[in-house]
Structure formats: C-alpha cells, structure tokens
Amino acid sequence: MTPHTLRVAIIGAGPAGIYAGNILGKAVRDAGGTIGIDLFDTLPAPYGLIRYGVAPDHPRIKGIVTSLHEMLDAGTIRFLGNVGYGTDLGLDDLRAHYHAVIFATGAIRDAKLPIPGTELPGCFGAADFVSWFDGHPDAPRDWPLDAHQVAVIGNGNVALDVARMLAKHADDLLPTDIPENVYSGLAASAVTDVHIFGRRGPAQVKFTPIELRELGAVPDVDVIVYEEDFPRDEASEQFLAASNNQVKVMSRTLNGWLTKEPSGASRRLHLHFLHSPLEVYGTESVEGMRFERTAPDPANPGGVTGIGEILDYPLQAVYRAVGYRGSPLAEVPFDETRGVIPNDGGRVLDPAARPIPGLYATGWIKRGPVGLIGHTKSDALETVTRLVEDLGNGLLPEPVEDDADAILAVLSARGIRFTEWDGWLVLDAHERALGAADGSAADRERVKVVPRDEQVNISRSVELVAS
Ligand SMILES: Cc1cc2nc3c(=O)[nH]c(=O)nc-3n(C[C@H](O)[C@H](O)[C@H](O)COP(=O)(O)OP(=O)(O)OC[C@H]3O[C@@H](n4cnc5c(N)ncnc54)[C@H](O)[C@@H]3O)c2cc1C
C-alpha cells in the first residue's frame, strides 16, 4: 500500500454503510486511485437492521443480503465487527488512521409516545421486541408473552411486523431463522387478540400494500376491521380519490375485510382507526388503554381532530411502534430534535453549520428513520459524491498513520476481540448448518446464534464456551 492510498473508516455495517463502501471503492478505483476501507460495527456480524430489524418471515427482503454479501466479499472493504465507536475506538483514533470517516450507525431506539402510563410494566417499545425476536445479542433472551389482549400503537410497517409476529403461531415461523429461545417464547404465548391502533383514518396509513395484505394470509388468524372507523363523508372520499395508487390499493384491501366473515380462527388481529392514544392505565402493570376518537378535520385535509368520545380497551400489554430514533455518537454533533447527525448532503456540520473536514454521515443517522433499504443506496451515493468532491479539492485531512494494519494493532492492544469477514463466513455457515440439522419438519434455512460471546468465538474459531 502506498502512502497515497485513500483510507476511509465507515462506522456501521448496515445497508447504508455497505452501499457507501461499495460506491466509494468503485468511484476511487474508476478514477485511477487506490483505496482501503474499514467497515466497523459494534455487532460481531454485518447487515445491521436487515439481520436485526427485518421480520424473520420476510426472507424476500433478507435476500438483499446476497448482493451486500458480494460487495463485502469483493475484497475492497475490510469488515471489523465487535468494535464500537465511542467505546472501543474514538474520533482521535479514526483521525489518526483515516482521511475520512462515514458514520452509518442507523437508528435503533424507540421514539417516545408522549402519554401517561408508558412506564408501566407491560408497555414495551417495538424496537426492543424486534431485537428480541430477531435475536439481537444485546436484547434479553426472555420476553413476557402472557397477555391475552395486546395493543400495538402505530400505523407503519413496523407496527404490522410487531402485530403479525405477536399473532402468528410459532410453528408457522419455524421455516425462518428465529433462534430457539424465540420459538419457545412464542410457542408459549397466551395471546388471542392483537389490536393495532392508528390516530388517523384508513386512507392515511403509512403501511405498504404487500405488508398490509399479508395480514390477511396469516394462518388461523382473522383480521377484523370496524365500519365506524371508515369515514364516508365527501371530504374523505375526495381525499381518497386524490391519493396515490398505493393508498387506493390499501383502501380496497381494508374495505374487503369489512365484509369478510370471521372464520372462527383461534387468534384475531383488529385494525382500529381514528383512535388517538390518551393514556396507558393500570396500577401495578398495564390494565388497558384509553383513546379519544378522532374524525377527519375539515380544515386540514388528511388530518384529524379529537371529537371528545372516550374509548377504553382492557389490555395486558401495549407495544409502541411510533417510530425509531437515532442515538448521539461521542464527539460528533447531534440534532436532538430530529435524532440525526446534522449534515449537508452527507457532510457533517458543526454547530455553526460549517462542514467538519473528513466527517460524513449516511443512512438513517443522516436523514432519520424513514424509508426502505433501497433508499439507503441513493443516500450513500449522495454522501460519497460529497466525499469524492472534497478529496478532489484537497479538503481531506491527512492521517498520521499510513499502515492499514496499524488499527488492528490498536484494537488488539486494547483487548478487543474483533471479528473479520472470514469469521462471518464461518458463523454464517455454522448458522446454516444449525438450520439444516434442525429436527423439525420445517425446512429451516438457518438458526441464528444469539449470544455475543458465542458469535465472536465462532467467528474467531475459538473453542465454544457455553453461554
Ligand atoms: C423493524 C423494522 C423492519 C424493517 N423492515 C424492512 C423491510 O421489510 N424492508 C425494507 O426495505 N426495509 C425495512 N426496514 C428499514 C431498513 O431496516 C432500514 O432502511 C435500513 O436498515 C437503514 O440502514 P442503516 O444502514 O442506516 O441502519 P442500520 O441497518 O440500523 O445499520 C446501522 C449499523 O450501525 C451499527 N452501529 C450503531 N452504532 C454503532 C457504534 N457506535 N459503533 C459501531 N457500529 C454501530 C449497528 O450495529 C448497525 O449494524 C425495517 C426497519 C425496521 C426498524
């Protein structure tokens, strides 16, 4: 490696970080340059929310991993897992070893639902439940599933994922990659009714049509909707007529369920609209939830307003699925209001809104937790374009260290058991072998390994220590 090799660190091995590395590597090589990219993640395995967010019964989405795998396998990007920025490495370390740093740390916390009672036992954040069912190493291994009546608050796809995972019978999830503790937890669930609540009307949902339709195909689960939640006034009809195709398709799906007789399934998924959450109530734990009914607001097309009618639902558990939120990173500016790193097209901005040389952001930590995996690609292109412009204009600070392996020595000296790409290939093969060896009738593609130490040990091919 020559001293003129561009060296870039990317923090976060989710889709945003991987796309950024791939686009950047290609751009520099196409321009005749040489580049070394280190992709760090606090988790021992790559792929971010694709591994730890996307629902296990969505293998089609997880198929995106195939193309991300090829990008990481190509050799330009060096994966370094089990390394946390802000804990194992700081900004000074990165400044010393790299010309530029791209933060792609995503958003893993739940946004707050600002109503009383959300601190009661039995009220959960969707992100925590998602981490549990997707086998995140830092999530608890057990999840309380003793509630019969459960509410999921929110009208986006995460609410649908959470509700579907709660309502689905565990055996129907066996062909997926769910870990053993998740299978046994779900198999013991007492749930009979899952209620999804949205503040606005059926024409304002943030679902996508495929995910909504999927609810109607869950075995032994009836979908129930309520006529009083469907505004039929002229303004609402006009709003629907002026809406995009997706909304119209979903409206047809929802209206179809209005006339469908329940089959007598053992579990039910109820979709409630025009319910504005007021409070979660209970003394020791969740006993129910209070809502105010809303109606379309004539002064604000698509908006709703409370109409004073109070509705109580007895429940034993509530899941808040009202959005995700980014977390601040040490020594990096953070916009507390939006939960993102302040940036201009990906260039990180200081409090005076000036670009900080050599620092960039991409993905959900750049623009907030909205959008699908595909959006992180266009996002990465924008950020990389800025970085390449700055490189061309001589704006990237020179690191003191030009040996690519010097950072590995730093990690080792700190006792950090980092994982590498070859290690992921070993863990990947191990999980697939667990799937193949599974004795159940289901054709299991993989069974995820959950504990961090076990993942690290397998990746580093160290003798297994029982967790
Ligand atoms: C529940 C859920 C379901 C979803 N389902 C779908 C779906 O079906 N289809 C779809 O297209 N999109 C889906 N999405 C959206 C998709 O997951 C996101 O668009 C995408 O993952 C955002 O990519 P990202 O790389 O910005 O963040 P992430 O995927 O979150 O990746 C960020 C990475 O940064 C790492 N990191 C964080 N902090 C640090 C640190 N301090 N040091 C080192 N590493 C760090 C994290 O461990 C993580 O690996 C879903 C999202 C959620 C939450």
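Just so you know, ligand 1 is whichever comes first in the structure, and atom 1 is the first atom listed for that ligand.
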Counting only heavy atoms closer than 4.0 Å, does ligand 1 sit against the backbone of [X], its side chain, both, or neither?
X: Tyr324; value: side chain
X: Leu372; value: both
X: Leu49; value: both
X: Ile11; value: side chain
X: Ala126; value: neither
X: Ile50; value: neither

Determine, for Phe129 and Arg320, whether the Lys NZ or Arg CZ falls below 6.0 Å from the six-membered ring centre while staying within 45 degrees of the axis. no
Asn157 near ligand 1 by a heavy-atom separation under 4.0 Å: no
Do you see a protein non-hydrogen atom under 4.0 Å from atom 45 (C) of ligand 1? yes
Heavy atom of protein inside 4.0 Å of atom 23 (O) of ligand 1, strictly below: yes
Would you say the side-chain atoms of Glu445 pair up with the backbone N or O of Thr176, donor to acceptor, closer than 3.5 Å? no
For Arg141, is there any backbone N or O sitting under 3.5 Å from a side-chain donor or acceptor partner on Asn181? yes
Only one of Phe79, Tyr47, Trp421 forms a ring pair (Phe, Tyr, Trp, His ring centres under 6.0 Å) with His69, so which one is it? Trp421
With atom 20 (C) of ligand 1 as the reference point, say which of Gly323, Pro15, Gly12 has the nearest heavy atom. Pro15
Would you say ligand 1 has an N or O under 3.5 Å from any N or O of Asp41? yes
Backbone or side-chain N or O of Thr42 under 3.5 Å from ligand 1 N or O: yes
Between CG of Asp38 and CG of Leu89, what distance do you get to the nearest 0.5 Å? 10.0 Å
If the cut-off is 4.0 Å to any non-hydrogen atom of Leu329, which atoms of ligand 1 fall inside it? 41 (N)
Do His195 and Met289 come within less than 4.5 Å of each other through their side chains, counting heavy atoms only? no
Only one of Ile18, Leu39, Thr76 forms a side-chain contact (heavy atoms from CB on, under 4.5 Å) with Met71, so which one is it? Ile18
